[in-house]
Chemist: 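Sharing a structure with you now.
All heavy atoms count here, side chains included; hydrogens, waters and symmetry mates do not. No experiment lies behind these values; they were computed from the predicted model shown. Note on naming: letters A, B, ... go to the chains in the order of the sequence lines (proteins, then strands), and numbering restarts at 1 for each one.
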There are 2 protein chains.
Amino acid sequence: MFCTVPRNHAVRTAQAPEAEVWRLIRAVSHTPDAMAACHQIAVDSGLPLAPLRALLVLPLDEPVTMRELARRLGCDNSYVTSLVDALEKRGLAGREQHPTDRRVKVIVLTGQGRDLAERAQIADAAAPAVFDRLTEQELVTLRDLLAKLLP
Amino acid sequence: MFCTVPRNHAVRTAQAPEAEVWRLIRAVSHTPDAMAACHQIAVDSGLPLAPLRALLVLPLDEPVTMRELARRLGCDNSYVTSLVDALEKRGLAGREQHPTDRRVKVIVLTGQGRDLAERAQIADAAAPAVFDRLTEQELVTLRDLLAKLLP
DNA sequence: TATTGTTATACTCTATAACTATA
DNA sequence: TATAGTTATAGAGTATAACAATA
């Protein structure tokens with residue numbers, strides 16, 4: 001056996017207050033509303049989700065190397081090749097030589113690519129409508145509590 | 001154009017308090033810690049993540065139809081076939097005829113399948129260690145605020 | 001005629017390994 | 001020798017359409 005959690009622990013864990021909070025956090029972050037905006041952009045633009053996610057982490061005004069994009073996405077270098085291929089095929093980005101190191105290529109957004117990236121980044125960062133239910137004070141409280149959970 | 005969000009809205013949105021809370025919620029729910037336990041179970045058991053996720057939504061003691069599993073996973077019926085195939089191949093579940101409707105098949109966990117499902121469900125529900133940083137009172141406050149964001 | 005599940009097929013996402021060009 | 005990117009390939013995840021059996 002590879003797990004030493006004792007039997008009948010499930011119910012206790014689920015009732016523990018932090019487990020309940022954890023459940024709520026995941027429920028909120030998976031609200032259908034949550035990813036709807038980006039999915040809509042993917043559908044409207046005809047761009048698959050993976051290259052669209054690349055646009056989400058690409059800075060709008062400063063070109064970035066292939067390797068840096070791989071780092072930001074936490075994926076393999078070879079995969080970035082296919083992501084940028086997809087962007088290039090649709091006229092959203094291009095590759096340019098690095099000025100000093102000729103092994104390196106930098107990804108440059110086209111005007112169209114920049115526009116789409118900006119829209120996607122805005123849509124992605126926007127909070128779902130349910131957040132209107134909280135007062136300004138409640139939002140501050142929530143923010144401070146959540147901040148304690150991060151490094 | 002398919003998006004009417006005005007230019008230069010990005011910064012305002014990102015600074016809006018609810019956008020900040022939204023960012024934090026997603027950051028917390030994506031802590032590496034979060035899915036680590038389930039991933040470990042997947043690696044240890046040799047079961048790919050997709051069928052393991054099926055085990056997460058399968059009730060431990062009450063059999064469920066193929067269709068109902070598709071509903072719970074929010075996926076197509078045909079895909080459930082391959083998920084249950086994967087479970088069956090590893091001796092974790094079997095198919096049985098529905099007693100009254102012979103079109104329907106019910107998924108029955110084996111003893112081994114039930115054990116694995118229980119361990120996976122416990123691991124999945126457990127809050128990451130960072131939650132220890134909050135007091136009992138803070139957890140209650142957090143719970144109540146988050147609950148307001150759900151229907 | 002409508003519904004349950006299966007099969008065949010195809011597309012997206014992603015990694016590994018081998019390779020090329022450059023450093 | 002090490003690093004950046006590409007190519008070839010393969011496997012996981014998932015959907016669509018056509019189909020068989022049953023209702």
Chemist: Any idea which of D:dT6, D:dT14, C:dG5 is nearest the A:N77 side chain?
Modeler: D:dT6
Chemist: Do A:S78 and C:dT16 have a side chain to base donor-acceptor pair shorter than 3.5 Å?
Modeler: yes
Chemist: Show, in sequence, the C-alpha distance, side-chain angles and deciding distance for A:R90 and A:D85, and conclude whether the salt bridge (charged side-chain N to carboxylate O under 4.0 Å, His left out) test is met.
Modeler: CA-CA 9 Å; A:R90 291 168 176 84; A:D85 282 350; over 6 Å; no
Chemist: Consider only side-chain heavy atoms of I, L, V, M, F, W and Y, link residues closer than 4.5 Å, and tell whether B:L73 and B:Y79 are in one cluster.
Modeler: yes
Chemist: Step by step, work out the salt bridge (charged side-chain N to carboxylate O under 4.0 Å, His left out) result for A:R133 and A:E138.
Modeler: CA-CA 10 Å; A:R133 298 183 192 165; A:E138 286 173 326; over 6 Å; no
Chemist: Rounding to a whole Å, what distance do you find between B:L47:CG and D:dA12:C1'?
Modeler: 12 Å
Chemist: For A:R102 and D:dA2, what is the distance between atoms CZ and C1' respectively, to the nearest whole Å?
Modeler: 18 Å
Chemist: B:M66 side chain: which of D:dG13, C:dT6, C:dT14 is closest?
Modeler: C:dT6
Chemist: Between C1' on D:dA4 and CZ on A:R71, what's the gap in Å once rounded to a whole number?
Modeler: 16 Å
Chemist: When you look at A:D124 and B:R26, which way does the salt bridge (charged side-chain N to carboxylate O under 4.0 Å, His left out) test go after all the steps?
Modeler: CA-CA 11 Å; A:D124 181 63; B:R26 293 205 287 178; 3.3 Å; yes
Chemist: Identify which nucleotide among C:dT7, D:dT6, D:dG13 has an atom closest to any side-chain atom of B:T81, counting heavy atoms from C-beta outward.
Modeler: C:dT7
Chemist: What is the distance, rounded to the nearest whole Å, between atom OH of B:Y79 and atom C1' of D:dA17?
Modeler: 19 Å
Chemist: Without decimals, in angstroms, what is the distance between A:R95 CZ and D:dT7 C1'?
Modeler: 12 Å
Chemist: In whole Å, I'd like the distance from the CD atom of A:Q97 to the P atom of D:dA4.
Modeler: 14 Å
Chemist: Please give, in whole Å, the distance from D:dG11 P to A:D76 CG?
Modeler: 17 Å
Chemist: Looking only at the side chain of A:R103 (C-beta and beyond, no hydrogens), which of the listed nucleotides D:dT6, C:dA21, D:dA15 gets closest?
Modeler: C:dA21
Chemist: Does any N or O in the side chain of A:T110 come within less than 3.5 Å of the main-chain N or O of A:L92, such that one atom is a donor and the other an acceptor?
Modeler: yes
Chemist: Go nucleotide by nucleotide along DNA chain C from the 5' end; which of A:D101 and A:R53 gets its closest nucleotide reached first?
Modeler: A:R53
Chemist: Grab the CD-C1' distance between B:E96 and C:dT4 for me, whole Å please.
Modeler: 17 Å
